[in-house]
Amino acid sequence: MPHLLNLIDVPTDTIRNLVGRAAELKAERRAGRSPTPLAGKVVGLVFEKPSLRTRMSFEAGVAQLGGTSLFFSGAEIGLGVRETLPDFARTASRFLDAIVLRVFCQETVDALARHGSIPVINGLTDRSHPCQALADLLTIQECFGTVAGKTIVFVGDGNNVSMSLAVGCARLGAKFVLACPPGYAFDDAFLKNYANKVSADKPLIVHDPVAAVKSADVVYTDVWTSMGQEAERDERLAKFAPFQLNAALMAKAPKGCKVLHCLPAHRGEEITDEVVDGPQSVVFDQAENRLHVQKAVLEWLLAKG
Ligand code: CP
Ligand code: NVA
(Lines give C-alpha, C1' and ligand atoms only; values in the text may rest on other atoms or scores of the structure.)
(Ligands and ions follow the chains in the order given, each with its own letter.)
Protein backbone atom coordinates (compact mmCIF):
# COMPACT_ATOMS: atom_id res chain seq x y z
CA MET A 1 0.00 0.00 0.00
CA PRO A 2 1.43 3.43 -0.89
CA HIS A 3 1.92 6.05 1.84
CA LEU A 4 3.45 9.52 2.01
CA LEU A 5 5.78 9.10 4.98
CA ASN A 6 9.00 10.75 3.86
CA LEU A 7 9.81 12.23 0.45
CA ILE A 8 13.07 10.30 0.37
CA ASP A 9 11.06 7.07 -0.10
CA VAL A 10 8.85 8.41 -2.90
CA PRO A 11 10.04 7.57 -6.43
CA THR A 12 11.04 10.50 -8.64
CA ASP A 13 8.27 9.78 -11.16
CA THR A 14 5.67 9.90 -8.40
CA ILE A 15 7.00 13.26 -7.17
CA ARG A 16 6.92 14.60 -10.72
CA ASN A 17 3.37 13.28 -11.28
CA LEU A 18 2.11 14.74 -8.00
CA VAL A 19 3.47 18.20 -8.83
CA GLY A 20 2.03 17.99 -12.35
CA ARG A 21 -1.36 16.80 -11.12
CA ALA A 22 -1.42 19.53 -8.47
CA ALA A 23 -0.96 22.14 -11.22
CA GLU A 24 -3.89 20.59 -13.10
CA LEU A 25 -6.10 20.55 -9.99
CA LYS A 26 -5.20 24.19 -9.35
CA ALA A 27 -6.21 25.13 -12.89
CA GLU A 28 -9.44 23.12 -12.60
CA ARG A 29 -10.34 24.90 -9.39
CA ARG A 30 -9.59 28.30 -10.99
CA ALA A 31 -11.93 27.28 -13.84
CA GLY A 32 -14.66 26.43 -11.33
CA ARG A 33 -14.44 22.69 -11.87
CA SER A 34 -14.21 20.40 -8.87
CA PRO A 35 -13.96 16.64 -9.37
CA THR A 36 -15.13 14.61 -6.34
CA PRO A 37 -13.12 11.36 -6.39
CA LEU A 38 -13.20 11.16 -2.57
CA ALA A 39 -17.00 10.88 -2.38
CA GLY A 40 -17.83 8.52 0.49
CA LYS A 41 -14.24 8.55 1.84
CA VAL A 42 -13.31 9.61 5.36
CA VAL A 43 -9.88 11.04 6.17
CA GLY A 44 -8.74 11.34 9.80
CA LEU A 45 -6.34 14.05 10.95
CA VAL A 46 -4.41 13.50 14.19
CA PHE A 47 -2.23 16.44 15.23
CA GLU A 48 0.12 16.49 18.23
CA LYS A 49 1.37 19.99 17.30
CA PRO A 50 -0.32 23.26 16.25
CA SER A 51 -1.06 23.93 12.58
CA LEU A 52 -2.82 26.42 10.36
CA ARG A 53 -1.85 25.54 6.80
CA THR A 54 -1.65 21.76 7.10
CA ARG A 55 -4.92 21.31 8.95
CA MET A 56 -6.90 23.91 7.01
CA SER A 57 -5.63 22.85 3.59
CA PHE A 58 -6.22 19.15 4.26
CA GLU A 59 -9.73 19.76 5.60
CA ALA A 60 -10.54 22.08 2.68
CA GLY A 61 -8.95 19.72 0.16
CA VAL A 62 -10.85 16.67 1.41
CA ALA A 63 -14.11 18.66 1.27
CA GLN A 64 -13.38 19.93 -2.25
CA LEU A 65 -12.74 16.36 -3.41
CA GLY A 66 -16.10 15.27 -2.00
CA GLY A 67 -14.85 13.47 1.12
CA THR A 68 -15.21 14.02 4.86
CA SER A 69 -12.42 14.80 7.33
CA LEU A 70 -12.35 14.20 11.08
CA PHE A 71 -9.86 16.12 13.23
CA PHE A 72 -8.44 14.90 16.56
CA SER A 73 -5.79 16.54 18.73
CA GLY A 74 -2.96 14.29 19.80
CA ALA A 75 -3.96 14.89 23.42
CA GLU A 76 -7.45 13.43 23.02
CA ILE A 77 -6.17 10.38 21.15
CA GLY A 78 -3.23 9.91 23.52
CA LEU A 79 -1.13 8.33 20.76
CA GLY A 80 0.99 5.55 22.23
CA VAL A 81 -0.17 6.46 25.76
CA ARG A 82 -3.85 5.61 26.07
CA GLU A 83 -3.26 2.48 24.03
CA THR A 84 -0.38 1.15 21.98
CA LEU A 85 0.35 2.60 18.53
CA PRO A 86 -0.35 -0.75 16.82
CA ASP A 87 -3.76 -0.95 18.54
CA PHE A 88 -4.55 2.62 17.49
CA ALA A 89 -3.44 1.90 13.91
CA ARG A 90 -5.54 -1.27 13.64
CA THR A 91 -8.61 0.40 15.13
CA ALA A 92 -8.42 3.61 13.09
CA SER A 93 -8.02 1.52 9.94
CA ARG A 94 -11.51 0.09 10.56
CA PHE A 95 -13.10 3.57 10.48
CA LEU A 96 -11.03 5.67 8.11
CA ASP A 97 -9.90 5.50 4.49
CA ALA A 98 -6.66 7.44 5.16
CA ILE A 99 -4.98 9.27 8.02
CA VAL A 100 -2.90 12.46 8.16
CA LEU A 101 -0.56 12.75 11.13
CA ARG A 102 1.36 15.71 12.52
CA VAL A 103 3.54 14.26 15.25
CA PHE A 104 6.78 14.76 17.12
CA CYS A 105 8.54 11.61 15.93
CA GLN A 106 8.96 10.25 12.42
CA GLU A 107 8.79 6.78 13.96
CA THR A 108 5.13 7.40 14.85
CA VAL A 109 4.06 7.82 11.20
CA ASP A 110 6.27 4.92 10.13
CA ALA A 111 4.74 2.68 12.83
CA LEU A 112 1.20 3.68 11.89
CA ALA A 113 1.91 2.67 8.31
CA ARG A 114 3.38 -0.66 9.42
CA HIS A 115 0.54 -1.61 11.73
CA GLY A 116 -2.49 -0.09 10.00
CA SER A 117 -4.12 -0.99 6.72
CA ILE A 118 -4.88 2.50 5.31
CA PRO A 119 -2.65 5.08 3.60
CA VAL A 120 -0.73 7.28 6.04
CA ILE A 121 0.19 10.87 5.14
CA ASN A 122 2.91 12.71 7.02
CA GLY A 123 1.71 16.22 7.89
CA LEU A 124 5.09 17.04 9.53
CA THR A 125 7.40 15.20 11.86
CA ASP A 126 10.74 16.08 13.44
CA ARG A 127 12.50 14.62 10.39
CA SER A 128 10.42 15.54 7.35
CA HIS A 129 7.62 17.62 5.87
CA PRO A 130 6.88 16.02 2.50
CA CYS A 131 3.62 17.90 1.78
CA GLN A 132 5.52 21.16 2.26
CA ALA A 133 8.29 20.11 -0.11
CA LEU A 134 5.76 19.15 -2.81
CA ALA A 135 4.14 22.61 -2.48
CA ASP A 136 7.59 24.20 -2.64
CA LEU A 137 8.40 22.34 -5.86
CA LEU A 138 5.08 23.40 -7.43
CA THR A 139 5.76 27.01 -6.44
CA ILE A 140 9.26 26.94 -7.94
CA GLN A 141 7.86 25.40 -11.12
CA GLU A 142 5.24 28.16 -11.33
CA CYS A 143 7.88 30.86 -10.87
CA PHE A 144 10.34 29.58 -13.47
CA GLY A 145 8.43 27.09 -15.62
CA THR A 146 10.74 24.35 -14.34
CA VAL A 147 12.56 23.15 -11.24
CA ALA A 148 15.45 21.50 -13.09
CA GLY A 149 18.59 23.57 -13.23
CA LYS A 150 17.48 26.12 -10.60
CA THR A 151 19.52 26.93 -7.51
CA ILE A 152 17.59 26.83 -4.23
CA VAL A 153 19.45 28.35 -1.28
CA PHE A 154 17.93 27.51 2.11
CA VAL A 155 19.24 30.01 4.68
CA GLY A 156 18.53 28.52 8.09
CA ASP A 157 18.29 25.29 10.00
CA GLY A 158 18.98 21.76 8.73
CA ASN A 159 15.47 20.82 9.87
CA ASN A 160 12.40 18.85 8.72
CA VAL A 161 11.53 21.43 6.03
CA SER A 162 15.03 21.78 4.58
CA MET A 163 15.69 18.03 4.63
CA SER A 164 12.54 17.35 2.58
CA LEU A 165 13.25 20.27 0.26
CA ALA A 166 16.82 19.06 -0.34
CA VAL A 167 15.43 15.67 -1.41
CA GLY A 168 12.74 17.20 -3.65
CA CYS A 169 15.23 19.51 -5.36
CA ALA A 170 17.69 16.71 -6.04
CA ARG A 171 14.93 14.49 -7.40
CA LEU A 172 13.71 17.15 -9.84
CA GLY A 173 17.19 18.25 -10.89
CA ALA A 174 17.64 21.49 -8.93
CA LYS A 175 20.79 22.46 -7.06
CA PHE A 176 20.18 22.73 -3.31
CA VAL A 177 22.41 24.68 -0.92
CA LEU A 178 21.98 24.83 2.86
CA ALA A 179 23.51 27.96 4.42
CA CYS A 180 23.47 27.43 8.19
CA PRO A 181 25.50 28.14 11.32
CA PRO A 182 28.09 25.45 12.15
CA GLY A 183 26.38 22.74 14.19
CA TYR A 184 22.97 23.15 12.51
CA ALA A 185 23.58 21.31 9.24
CA PHE A 186 21.94 18.05 8.18
CA ASP A 187 22.89 15.25 10.55
CA ASP A 188 24.74 12.07 9.66
CA ALA A 189 21.58 9.94 9.70
CA PHE A 190 20.00 12.11 7.00
CA LEU A 191 23.19 12.34 4.94
CA LYS A 192 23.61 8.56 5.01
CA ASN A 193 20.00 8.01 3.94
CA TYR A 194 20.42 10.68 1.25
CA ALA A 195 23.57 8.99 -0.07
CA ASN A 196 21.76 5.63 -0.19
CA LYS A 197 18.49 6.77 -1.70
CA VAL A 198 19.02 10.06 -3.52
CA SER A 199 22.53 10.77 -4.74
CA ALA A 200 26.18 10.08 -4.07
CA ASP A 201 26.69 13.86 -4.33
CA LYS A 202 26.00 15.33 -0.91
CA PRO A 203 23.75 18.41 -0.63
CA LEU A 204 25.98 21.47 -0.47
CA ILE A 205 26.33 22.84 3.07
CA VAL A 206 27.95 26.26 3.61
CA HIS A 207 28.21 28.73 6.48
CA ASP A 208 28.40 32.06 4.63
CA PRO A 209 24.86 33.24 3.74
CA VAL A 210 26.09 36.23 1.71
CA ALA A 211 28.21 34.09 -0.61
CA ALA A 212 25.45 31.47 -0.80
CA VAL A 213 22.65 33.75 -2.03
CA LYS A 214 24.74 35.27 -4.84
CA SER A 215 23.77 32.54 -7.29
CA ALA A 216 20.26 31.82 -5.95
CA ASP A 217 17.12 31.54 -8.04
CA VAL A 218 15.22 30.95 -4.79
CA VAL A 219 16.13 31.97 -1.27
CA TYR A 220 14.16 30.00 1.30
CA THR A 221 13.99 30.25 5.05
CA ASP A 222 12.06 28.72 7.96
CA VAL A 223 11.88 29.35 11.70
CA TRP A 224 15.10 28.92 13.65
CA THR A 225 13.35 27.09 16.48
CA SER A 226 11.03 24.34 15.31
CA MET A 227 8.11 22.98 17.32
CA GLY A 228 9.55 20.76 20.04
CA GLN A 229 12.85 22.72 20.26
CA GLU A 230 11.55 25.58 22.44
CA ALA A 231 14.14 24.93 25.17
CA GLU A 232 16.91 25.79 22.66
CA ARG A 233 15.32 29.08 21.57
CA ASP A 234 17.76 31.56 23.19
CA GLU A 235 20.83 29.71 21.96
CA ARG A 236 19.37 29.42 18.46
CA LEU A 237 18.43 33.13 18.32
CA ALA A 238 22.07 34.01 18.99
CA LYS A 239 23.59 31.47 16.60
CA PHE A 240 21.23 32.18 13.69
CA ALA A 241 21.26 35.99 13.93
CA PRO A 242 23.78 36.38 11.03
CA PHE A 243 21.43 34.24 8.89
CA GLN A 244 18.43 36.57 8.96
CA LEU A 245 16.78 37.02 5.57
CA ASN A 246 16.66 40.82 5.43
CA ALA A 247 17.02 43.55 2.80
CA ALA A 248 20.82 43.61 3.17
CA LEU A 249 21.09 39.87 2.42
CA MET A 250 18.56 40.07 -0.42
CA ALA A 251 20.63 42.88 -1.96
CA LYS A 252 23.39 40.30 -2.50
CA ALA A 253 21.05 37.92 -4.36
CA PRO A 254 20.16 38.22 -8.06
CA LYS A 255 17.26 40.62 -8.72
CA GLY A 256 15.00 37.96 -10.23
CA CYS A 257 15.41 35.66 -7.27
CA LYS A 258 12.24 34.60 -5.40
CA VAL A 259 11.70 34.32 -1.65
CA LEU A 260 9.99 31.28 -0.14
CA HIS A 261 9.06 30.49 3.47
CA CYS A 262 6.91 27.56 4.57
CA LEU A 263 5.23 29.76 7.23
CA PRO A 264 4.45 30.46 9.99
CA ALA A 265 7.05 33.25 9.86
CA HIS A 266 8.62 34.63 12.98
CA ARG A 267 8.84 38.15 11.57
CA GLY A 268 11.88 39.98 12.84
CA GLU A 269 13.73 36.71 13.53
CA GLU A 270 14.53 34.58 10.45
CA ILE A 271 12.88 37.02 8.02
CA THR A 272 12.04 40.72 8.10
CA ASP A 273 8.74 42.34 7.11
CA GLU A 274 10.34 44.06 4.12
CA VAL A 275 11.38 40.69 2.66
CA VAL A 276 8.32 38.60 3.48
CA ASP A 277 6.04 41.39 2.19
CA GLY A 278 8.42 42.44 -0.61
CA PRO A 279 8.09 42.02 -4.39
CA GLN A 280 10.25 38.88 -4.54
CA SER A 281 8.16 37.00 -1.99
CA VAL A 282 5.79 34.28 -3.18
CA VAL A 283 5.04 32.89 0.27
CA PHE A 284 1.26 33.09 0.02
CA ASP A 285 1.20 31.39 -3.39
CA GLN A 286 3.39 28.77 -1.75
CA ALA A 287 0.93 28.43 1.14
CA GLU A 288 -1.98 28.08 -1.32
CA ASN A 289 -0.09 25.35 -3.13
CA ARG A 290 -0.32 23.15 -0.05
CA LEU A 291 -4.01 22.73 -0.93
CA HIS A 292 -3.36 21.67 -4.51
CA VAL A 293 -0.49 19.25 -3.87
CA GLN A 294 -2.33 17.58 -1.00
CA LYS A 295 -5.40 17.11 -3.20
CA ALA A 296 -3.07 15.40 -5.68
CA VAL A 297 -1.69 13.24 -2.83
CA LEU A 298 -5.21 12.29 -1.65
CA GLU A 299 -6.24 11.44 -5.20
CA TRP A 300 -3.10 9.31 -5.64
CA LEU A 301 -3.55 7.40 -2.37
CA LEU A 302 -7.33 7.11 -2.28
CA ALA A 303 -8.99 7.65 -5.61
CA LYS A 304 -6.56 5.62 -7.68
CA GLY A 305 -6.38 2.75 -5.23
N1 CP B 1 3.87 25.22 6.73
C2 CP B 1 3.07 24.54 7.59
O3 CP B 1 3.10 23.32 7.68
O4 CP B 1 2.24 25.33 8.31
P5 CP B 1 1.39 24.88 9.58
O6 CP B 1 2.40 24.54 10.65
O7 CP B 1 0.55 26.08 9.95
O8 CP B 1 0.56 23.70 9.21
N1 NVA C 1 10.40 23.68 10.99
C2 NVA C 1 9.09 24.11 11.44
C3 NVA C 1 8.12 24.01 10.33
C4 NVA C 1 6.73 24.51 10.65
C5 NVA C 1 5.77 24.35 9.48
C6 NVA C 1 8.66 23.29 12.64
O7 NVA C 1 8.83 22.07 12.63
O8 NVA C 1 8.14 23.88 13.60
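Start at 1 and go down the list; that is how both ligands and their atoms are numbered. Numbers for residues simply follow the sequence, beginning at 1.
- Any N or O atom pair closer than 3.5 Å counts here, and Arg55 shares no such pair with ligand 1.
- In this structure, Arg55 fails the cation-pi test against Phe47, since its NZ or CZ atom is not both closer than 6.0 Å to the six-membered ring centre and inside 45 degrees of the ring normal.
- At least one N or O atom of Asp222, backbone or side chain, sits closer than 3.5 Å to an N or O atom of ligand 2.
- Atoms of ligand 2 found under 4.0 Å from any heavy atom of Leu124, numbered from 1 in the order shown, are 3 (C), 4 (C), 5 (C), 7 (O).
- Between Arg102 and ligand 2, a contact under 3.5 Å exists for no N or O pair.
- Scanning all heavy atoms of the two residues, the minimum distance from Pro242 to Lys239 falls at CD-O, 3.4 Å.
- Close contacts between ligand 2 and Val223 involve ligand atoms 2 (C) [criterion: under 4.0 Å to a heavy atom].
- Side chain of Glu48 to backbone of Phe104: a donor-acceptor contact under 3.5 angstrom is found.
- Of the candidates His129, Met56, Arg53, it is His129 that places a heavy atom closest to atom 3 (O) of ligand 1.
- A side-chain donor from one of Glu142 and Asn289 sits under 3.5 Å from a side-chain acceptor of the other.
- Side-chain contact between Cys131 and Leu4 is present, with heavy atoms from C-beta onward closer than 4.5 Å.
- Of the heavy atoms in Asn160, only side-chain atoms (C-beta onward) come closer than 4.0 Å to ligand 2.
- The closest approach between Arg102 and ligand 1 falls below 4.0 Å for a heavy atom of the residue.
- Close contacts between ligand 2 and Leu263 involve ligand atoms 5 (C) [criterion: under 4.0 Å to a heavy atom].
- For Phe58 and Phe71, the distance between ring centers is not under 6.0 angstrom.
- Residue contacts with ligand 1: Leu52 is placed with a nitrogen or oxygen under 3.5 Å of a nitrogen or oxygen of the ligand (distance criterion only).
- Any N or O atom pair closer than 3.5 Å counts here, and Cys262 shares at least one such pair with ligand 1.
- Below 3.5 Å of separation, one finds an N or O of Met227 facing an N or O of ligand 2.
- Here the side chain of Ser281 pairs a donor or acceptor atom with the backbone of Val276 at under 3.5 angstrom.
- Heavy atoms of Asp126 come nearer than 4.0 angstrom to ligand 2 in no pair at all.
- Residue contacts with ligand 2, taken as heavy atom pairs separated by less than 4.0 Å, do not involve Thr54 at all.
- Contact annotation for Arg290 and ligand 1: only side-chain heavy atoms (C-beta onward) come within less than 4.0 Å of the ligand.
- A salt bridge is absent between Glu24 and Arg33; no separation between the charged side-chain nitrogens and carboxylate oxygens falls under 4.0 Å.
- For the ligand labelled ligand 1, residue Leu263 lies inside the 4.0 Å heavy-atom shell.
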